[in-house]
Protein chains: 2
Amino acid sequence: MTDIDTNSVPERKRGSGVKMVYDLLRDEILDLVLPPGSPIDEVQLAERFKMSRTPIREALVRLAGEGLIETLPNRSTMVSNIDFLNLNTFFDALVLMYRVTTRLAARNYRPEDLTIIRGFHEDYAAAVQTRDALRMISTNAAFHAAIADAGRNPYFTSLFRRLLDEGRRILRLYYRSYDEQFPQRFVDEHAEIIAAIEARDIEAADRLGKAHAEQIVAQVQKLFSRDVGIDIAL
Amino acid sequence: MTDIDTNSVPERKRGSGVKMVYDLLRDEILDLVLPPGSPIDEVQLAERFKMSRTPIREALVRLAGEGLIETLPNRSTMVSNIDFLNLNTFFDALVLMYRVTTRLAARNYRPEDLTIIRGFHEDYAAAVQTRDALRMISTNAAFHAAIADAGRNPYFTSLFRRLLDEGRRILRLYYRSYDEQFPQRFVDEHAEIIAAIEARDIEAADRLGKAHAEQIVAQVQKLFSRDVGIDIAL
DNA sequence: TGTATTTTATTTGTCGACAAGAAAAACACA
DNA sequence: TGTGTTTTTCTTGTCGACAAATAAAATACA
């Protein structure tokens, strides 16, 4: 009964713990593995990751800073709810950021950016082929984030990333039970967007980005209006 | 204004320490009391606020999340630099957010919002009268933040707040040594913006917001180009 | 039985201490 | 004197423990 075998995986690099916890929790929240409202228990996480509460706490503070979790002082902390009542403000911001990031990408991209963008484009197409919903959602977000990076405006990029994160949660909600056919159209639109960027056609990029965003918004709104009252419970 | 009161009884309320440290450090950073590059020492802050390093650390993590300080792993942490080389990306984002928040305010404001906005408008005018630069800068930011609040889009509001924060640092830099005459014009423009919002004239609000933003940008660019090489050292 | 009050339990916020990592200083050696 | 190596110092990252705040349970009382 000697506890000598505690040396299974105790070797951890010094600053890596918080990032690991942060990344994992973030993914679990965005993929709805931790649905909105899920309680977050610090000691439970500390046991799970075999570390003290301190680095866990730091990761939680960062997640709270991005609005992914909510903390009630001295009480509990839980995964943030999706604000269905104000989805329009989300859509407003999303459409504008789609436009402006695509536009800036057409103006500011460098050759190496296109390589990265095309990589995610192919990842997304592959995910559509294999009908892998989770992968479709995450690679789509990565594709547009890469375009934003090529636009080289960190202020827009960070807001856009936050919006794409929230979008991941909302999309995940619908792909949970439905197997829609719209992804193929999106693959084609992505290709058009890439072409416009490469041609440095700023106005076309703006227009395509806007149209693409509005397609997505319309799709989500259709799904949403179809089953209000079910998902609103979340 | 600030009631630090570090000498009296160390009877603080339980969750108030982090907020106090966060608020104070944030103000000191934005007012350039802590100039870019200033080292942030945890133990020093802990002694100054008579508390443990833990709440200090949490405040620093939050500040880092907003980009106000930068942390080098295992080494040091310091106040973030102002990126003069990419000021144009800052201006791009600032102008767009001025436009969109003013526009949304005209569409979505409620009567009580106008009261708040007018309050900050008068604060700003008073600061201009007394030529109180620090107060001019902070009330100007508060004025536009209040307009953004009236627009009721938290995504835009949070980005705009971050931009206004950065703007506070940049303006502070120039008001340090110059006593320009442009504030009075800004008072008038603020009045015009309020009128457009109150009339729910969305297009006028958009146009005035854009013009106002571009005025500020042009002013800062003029000051900047006048003494590059001096301030670039920061 | 229903309600107010006390007690317990659970979770968070804070603390002091220690160890790891990196920079600076001290040192050895040619 | 200059360079490479070792030692010291200084700051951060992590830990375990304790105290405060709140919720839940238990109890008292009508």
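Just so it is clear, the values below take in all heavy atoms, side chains as well, and ignore hydrogens, waters and symmetry mates. Here is how names work: the chains are called A, B, and so on, in the same order as the sequence lines, proteins then strands, and each is numbered from 1.
Positionally, the nearest nucleotide of DNA chain D for B:P73 lies more toward the 5' end than for the other of A:P73 and B:P73.
Nucleotide C:dT12 holds its C1' atom 17 Å from the CD atom of A:E70, rounded to whole Å. Distance NZ (B:K13) to C1' (D:dA19): 18 Å, rounded to an integer number of Å. The interatomic distance linking A:R14 (CZ) with D:dT12 (C1') rounds to 5 Å, in whole Å. D:dT11 atom P lies 16 Å from atom CE of B:M78, rounded to whole Å. Rounded to a whole Å, the CD atom of B:E42 is 10 Å from the P atom of D:dT11. B:N74 places its CG atom 16 Å from the P atom of C:dA19, with the value rounded to the nearest Å. If you take CG of B:L72 and P of C:dA20, they are 22 Å apart, rounded to a whole angstrom. To the nearest angstrom, C1' of C:dT12 lies 15 Å from CD of A:Q44.
Nucleic acid contact class of B:L60 (heavy atoms, under 4.0 Å, all strands): none. Across all strands, B:E58 comes closer than 4.0 Å to no nucleic acid atom at all (heavy-atom distances). Residue contacts for A:I56: at a heavy-atom cut-off of 4.0 Å it reaches no nucleic acid atom on any strand shown.
No more than 12 heavy-atom neighbours from other residues, nucleotides or ligands sit within 6.0 angstrom of CD on A:Q44.
For A:S52, the side-chain atoms get nearest to D:dC15 when compared with the rest of C:dC18, D:dC18, D:dC15. Residue A:T54 places its side chain closer to D:dT14 than to any other of D:dT12, D:dT14, C:dT14. Closest to the side chain of A:V43, from the set C:dT12, C:dT14, C:dA17, is C:dT12.
Of all heavy-atom pairs between B:S80 and B:P36, the closest is O-CB, 3.4 Å.
The aromatic rings of A:H121 and A:F143 sit tilted, their planes meeting at an angle between 30° and 60°.
Of the side-chain N and O atoms in B:R75, one or more sit less than 4.0 angstrom from OP1 or OP2 of C:dA23.
One distance of note links CE of B:M78 with CD of B:E70; it measures 5.5 Å at 0.5 Å rounding.
Here B:R48 pairs with B:E28 in a salt bridge; the nearest charged N to carboxylate O distance falls below 4.0 Å.
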